[in-house]
Amino acid sequence: MRPLPGFRDFYPEDCARRGYLLDGWRRVARRYGFVEMDGPVLESMELYAKKNESGAEILGQLYQFTDRGERDVAMRPEMTPTLARMVIAKERAYRKPLKWFSTANFFRYERQQKGRLREFIQFNADLIGDGSTAADAEAICLVIDLLREFGFTKDDFVIRLSDRKAWLDFLGARAVADTKTVLAIIDKIEREPEESLNAKLSPHGLTVAELREFIAAGSPEYFAPLLEQFEARGLRDFVEIDLSIVRGLAYYTGLVFEAFDRGKSMRALAGGGRYDDLLADLSDGTVNLPAIGFGVGDVVLGNLIEETPHAFAKMAAALAASPSAEIYVVIADDSRRREALSLVQALRDAGWRTDFPLDSVKVGKQFQTAEQLGARFAIVVGNEWPIVKAKTLATRAEATLAQDALAGWLAKNKDCQQTDSSS
RNA sequence: GUGGCCGUAGCUCAAUGGUAGAGUCCCAGAUUGUGAUUCUGGUUGUUGCGGGUUCGAGUCCCGUCGGUCACCCCA
């Protein structure tokens, strides 16, 4: 009995890691003034079919079926269509710009490999109703801080910036008609051999050399105002201009960007861009709002954390700081179990994560359990009741005190530096 | 959807075509109120599944399922 291919079980330790990512994402997004939203996991097929041009590739990856009411439905493969539907329906109820984020699971029927599964979690953020460079910078800086939150530095990742407008102007000056096809070719410029690229480009009157030259030049005039915003925030070192990025989705209209690990050993950590026409297209012109958005996937980010020692250490420390029990009540004399239970309840009422043996167990075993649970304190309840012993497990320091003095003792000791018991 | 590599205990892995093992983990115990180390004992396998070759298959062949990597595409 295994989960389906590309799907994951989340055992407690996996849930803890997932929680670490989700908590970090939420914390940073709220720091930027974004508010959380969500939509249904199951949507009408119509929603994806409507994006006929832009979503054509993704149609082949849908988990699609007919429900018991004969409706043609699909599991969501991304958030943008749902977001667009929701914005179009209630746009007037919200002050602009909308700064919305979500952490949701998505489904794509495709063959799995490193960094790609059939069910994955993605953080999404969209800034809707503001077409300015300031909005672009806000979105990209959010990406940077989302990654910095997990301990990554400018030496670990980089955001590559590009702009489809720069390309469209370039192609326009050369009277290229089929810009969509050419952008798709540019997207592959680093992956395909030069020969086959030239063969594809020649019908459009272009050569790889020309394109490479344009990429190398970098069109600084398109990016100067944006880069100024990064300078002002002290985040300039996190971004690079790279016109070879155009991204696959057809609905992007201007700025596009992707985040990569510096080793460039993995697929993109995050990606997004400006889609100023999508809402108008989907609403037949009734809602016309510029927008910029991006997604960060949990799988690639998780891989990079695993492979980056300082990020991994940061996660391990965060997880260790949240043990399943902070206090373990050791019942040394089972005839005092009743008193121990009252103490356990009092500790729990006070907010402490508290655990204790459900059965009569040897004291040594109880201490071992306490340590394995990651508890900071053990409280020994025995025949001296109402006198108890309070012990800090990491230092093995023990105090003997009346049980009603325990709250004070815990308050005093909880802020003490915790020594690393693993060494 | 196409192709390469891989599939043995919960985990990491052994086993010239000849009786399936080790470590680890987990459980119990080692003078009945203190954690480590150590020691003892114990559980777990239709060798992914199904065929074939052979006196005999974990091992060789075919198929299938699963994993992994690449293509494609993207998070």
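Chain A is the first sequence line, chain B the second, and so forth, proteins listed ahead of strands; every chain is numbered from 1. Bear in mind that the values here come from a model prediction, so they are computed numbers and not experimental data.
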Handout entry: Contiguous Watson-Crick or G-U pair runs (3 or more, under 3.5 Å) in RNA chain B
Key = B:1-7 with B:65-71, B:10-13 with B:21-24, B:26-30 with B:38-42, B:48-52 with B:60-64
Exercise for the section: Just call it for A/Glu119: base, sugar-phosphate, or nothing, with non-hydrogen atoms closer than 4.0 Å on any strand. Expected result: nothing
Handout entry: Sugar-phosphate only, base, or nothing, as touched by A/Arg247 at under 4.0 Å among non-hydrogen atoms
Key = sugar-phosphate
Handout entry: Contact pattern, 5' to 3', of nucleotides 64-71 of chain B - B, S or - by protein heavy atom under 4.0 Å
Key = --SSBSBB
Handout entry: P atoms of B/rA75 and B/rU59, separation to the nearest Å
Key = 43 Å
Exercise for the section: For B/rU19 versus B/rC11, give the span between their C1' atoms, rounded off to a whole number of Å. Expected result: 26 Å
Look at the side chain of [X] against the base of [N] and say whether a donor-acceptor pair falls under 3.5 Å; ignore hydrogens and angles.
X: A/Lys391; N: B/rU34; answer: yes
X: A/Glu110; N: B/rA75; answer: yes
X: A/Asn383; N: B/rG33; answer: yes
X: A/Gln368; N: B/rU34; answer: no
X: A/Glu371; N: B/rG35; answer: yes

Exercise for the section: Could you pull out all residues at least two apart from A/Asp277 that satisfy side chain to side chain contact (heavy atoms under 4.5 Å, CB included)? Expected result: A/Thr253, A/Asp281
Exercise for the section: Check each of A/Phe257, A/Phe230, A/Phe157, A/Phe260 against A/Phe238 using the ring pair (Phe, Tyr, Trp, His ring centres under 6.0 Å) test, and report the only one that passes. Expected result: A/Phe157
